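Below, read A as the first sequence line, B as the second, and so on, with proteins coming before strands; counting in each chain starts at 1. Please read all numbers here as calculations on a predicted model, not as lab measurements.
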Amino acid sequence: MKIGYPCVNEAMDCSAASTFRLASYSEERLVAAVAANLACLRRLLEWNVSQGLYFFRMGSGIVPFGSHEINAYPWQTHFGPEFRALGEYIKQQELRVSFHPDQFVVLNSPDPGIVRRSIDELVYQGSMLDLMGLDGTAKLQIHVGGLYGDRELALSRFAAVHAALPAAVRARVVVENDDRLFSLRDCLHLHERTGVPILFDNFHHECLHHGEPMAGALRLAAATWHPVADGVPMMDYSSQAPAERRGKHTPSLVEELFRNFVTELHGLDFDIMFEIKDKEASALRALAVLRELSLAGPAPTGPVPPLALPPGAGASAKAKGAKALKAP
DNA sequence: GTGTGTCAAGCAGAG
DNA sequence: CTCTGCTTGACACAC
């Protein structure tokens, strides 16, 4: 069981998503941004390892405009060694990584242009995992897409596009049950038709379900992952923010709810991503809970990389020193 | 420096 | 019709 958080470390003084406006695109800016993002990503992963957080969702913005036609620069070859080195570190430390392409990736859109751009984005993000030399257990997590007034038709379009994906992308794509449109049951139908693994989101399941108890739902989702080709099933964990709109993620881990949730696993192994507002802070608290229950290994004893670079170091990192010093 | 409108991209539902 | 939320944060320009 690996524990992680998505994209951003709130205490770190660098961002792995530095970018710029499309209007100010230049190859110089692109190269500078990618170099800074990869350097920050390395520091992030090292910090995660030092804390025992072995699961991480990388952000979509490592290569700005990575699937946009304006970006004709051969970043794959220019940064090949950097991607390879990151992949070596990930494999050596036995980290699990993934991407979650954003809401613009809609494989079941009736608009062929949207489908094409969606596939381009999956190819871009998948190619980063390929460049890292990672196997099919490093996943691309997406939602089914839109409803367009006809659930069956919408699912059929997803299945058709999925079958036509480049094989390297299809091997990585997993679908997540969402909180309003496509439930675990819908995803299970898709799995039967396409073989796509289901990334289970416990909170979305609480928002949208057909009466399946949590323990059974976890078992059903886990069974859609091939133990070797797909690896340990991934899941997203969150809970309802108190006194907020239904479906809003909690600002911080509610340990009692998480303890209750863990009892529903009944020994099932999952790699768990904590989609919680305060990011690594809640992931660390969850890890502590799991250690109490002997479900996670002991705390690492190695050196802890600094959250902030020393003055003068790291010219590529933006001057954001104040962020690392901000009050809790 | 600090404040703030806006940023490549889609969809559904609330107000 | 417009605004919001979704993993959201960060750029860019005004002051």
[M] and [N], which share atom name [atom1], separated by this distance in whole Å:
| N | M | atom1 | value |
| --- | --- | --- | --- |
| B:dA9 | C:dC1 | C1' | 22 Å |
| B:dA8 | C:dC13 | P | 12 Å |
| C:dC3 | B:dG5 | C1' | 16 Å |
| B:dG3 | C:dT7 | P | 30 Å |

From [atom1] of [X] over to [atom2] of [N], roughly how many Å is that when rounded to an integer?
| X | N | atom1 | atom2 | value |
| --- | --- | --- | --- | --- |
| A:Glu121 | B:dA8 | CD | P | 14 Å |
| A:Phe56 | C:dT7 | CZ | P | 16 Å |
| A:Arg21 | B:dA9 | CZ | P | 12 Å |
| A:His249 | C:dG5 | NE2 | P | 13 Å |
| A:Glu10 | C:dA10 | CD | C1' | 14 Å |
| A:Phe182 | B:dA12 | CZ | C1' | 11 Å |
| A:Ile62 | C:dA10 | CD1 | P | 14 Å |

Between [options], spot the one nearest the side chain of [X], thanks.
| X | options | answer |
| --- | --- | --- |
| A:Gln103 | B:dG10, C:dA12, B:dA8 | B:dG10 |
| A:Val106 | C:dC6, C:dA10, B:dC11 | B:dC11 |
| A:Leu147 | B:dA12, C:dT7, B:dC11 | B:dA12 |
| A:His204 | B:dA8, C:dT7, C:dC6 | C:dT7 |
| A:Leu181 | B:dG10, C:dC6, B:dA12 | B:dA12 |
| A:Leu22 | B:dA8, C:dA12, C:dA10 | B:dA8 |
| A:Ser67 | C:dC11, C:dC6, B:dA9 | B:dA9 |

Task: A:Asp278 side chain near A:Glu10 side chain, heavy-atom distance below 4.5 Å - done: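 A side-chain contact under 4.5 Å exists here.
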Checking all strands, does [X] fall into the base, sugar-phosphate, or nothing category for heavy-atom contacts under 4.0 angstrom?
| X | result |
| --- | --- |
| A:Asp178 | nothing |
| A:Phe65 | base |
| A:Ser109 | sugar-phosphate |
| A:Ser118 | nothing |
| A:Arg116 | nothing |
| A:Ile70 | nothing |
| A:Pro64 | nothing |

Task: Base-pairing string, 5' to 3', of DNA chain C - Watson-Crick or wobble, under 3.5 Å, | interstrand - done: ||||||..|||||||
Open item on the list: ring-ring contact (aromatic ring centres under 6.0 Å, His included), that's the test. Do A:His143 and A:His100 meet it? Break it down for me.
Closed with: CA-CA 9 Å; A:His143 294 284; A:His100 190 340; 5.4 Å; yes
Open item on the list: As a quick check of understanding, evaluate side chain to side chain donor-acceptor pair (under 3.5 Å) for A:Gln141 and A:Asp236, giving each step before the final call.
Closed with: CA-CA 10 Å; A:Gln141 164 185 356; A:Asp236 288 347; 2.7 Å; yes
TODO: For A:Arg180 and for A:Lys277, locate the closest nucleotide of DNA chain C by heavy-atom distance; then report the residue assigned to the nucleotide nearer the 5' terminus.
DONE: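 By nearest-heavy-atom nucleotide position, the 5'-most residue is A:Arg180.
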Task: Option passing side-chain contact (heavy atoms from CB on, under 4.5 Å) with A:Asp130 (candidates A:Arg172, A:Gln125, A:Gln76) - done: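 Passing option: A:Arg172.
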Measuring to OP1 and OP2 of [N], would you say a side-chain N or O of [X] lies under 4.0 angstrom away?
| X | N | value |
| --- | --- | --- |
| A:Ser15 | C:dA10 | yes |
| A:Ser24 | C:dA12 | yes |
| A:His143 | B:dA12 | no |

- [ ] For A:Asp111 and for A:Tyr124, locate the closest nucleotide of DNA chain B by heavy-atom distance; then report the residue assigned to the nucleotide nearer the 5' terminus.
- [x]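 Nearer the 5' end of the strand: A:Tyr124.
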TODO: Assess whether atom CD of A:Glu292 is packed by more than 12 heavy atoms of other residues, nucleotides or ligands within 6.0 Å.
DONE: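 Yes, because the 6.0 Å sphere around CD of A:Glu292 holds more than 12 heavy atoms from other groups.
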Open item on the list: Tell me whether A:Phe104 and B:dG10 count as stacked here, given that the ring centres must be under 5.5 Å apart and the planes must differ by less than 30 degrees.
Closed with: no
Open item on the list: Apply ring-ring contact (aromatic ring centres under 6.0 Å, His included) to residues A:Trp75 and A:Tyr124 and explain how you reach the verdict.
Closed with: CA-CA 11 Å; A:Trp75 54 267; A:Tyr124 148 57; 5.7 Å; yes
Open item on the list: Closer than 3.5 angstrom, by distance alone: can the side chain of A:Lys2 be matched with the main-chain N or O of A:Glu94 as a donor-acceptor pair?
Closed with: yes
- [ ] May I have all residue pairs that pass disulfide bond (SG atoms under 2.5 Å apart) and include part of residues 30-149 of chain A, sequence neighbours excluded?
- [x] A:Cys14-A:Cys40
Open item on the list: In this structure, would A:Leu253 and A:Leu287 fall into the same cluster of hydrophobic residues linked by side-chain contacts under 4.5 Å?
Closed with: yes
Open item on the list: Before we go on, tell me: are the rings of A:Trp225 and A:Phe270 under 6.0 Å apart, centre to centre?
Closed with: no
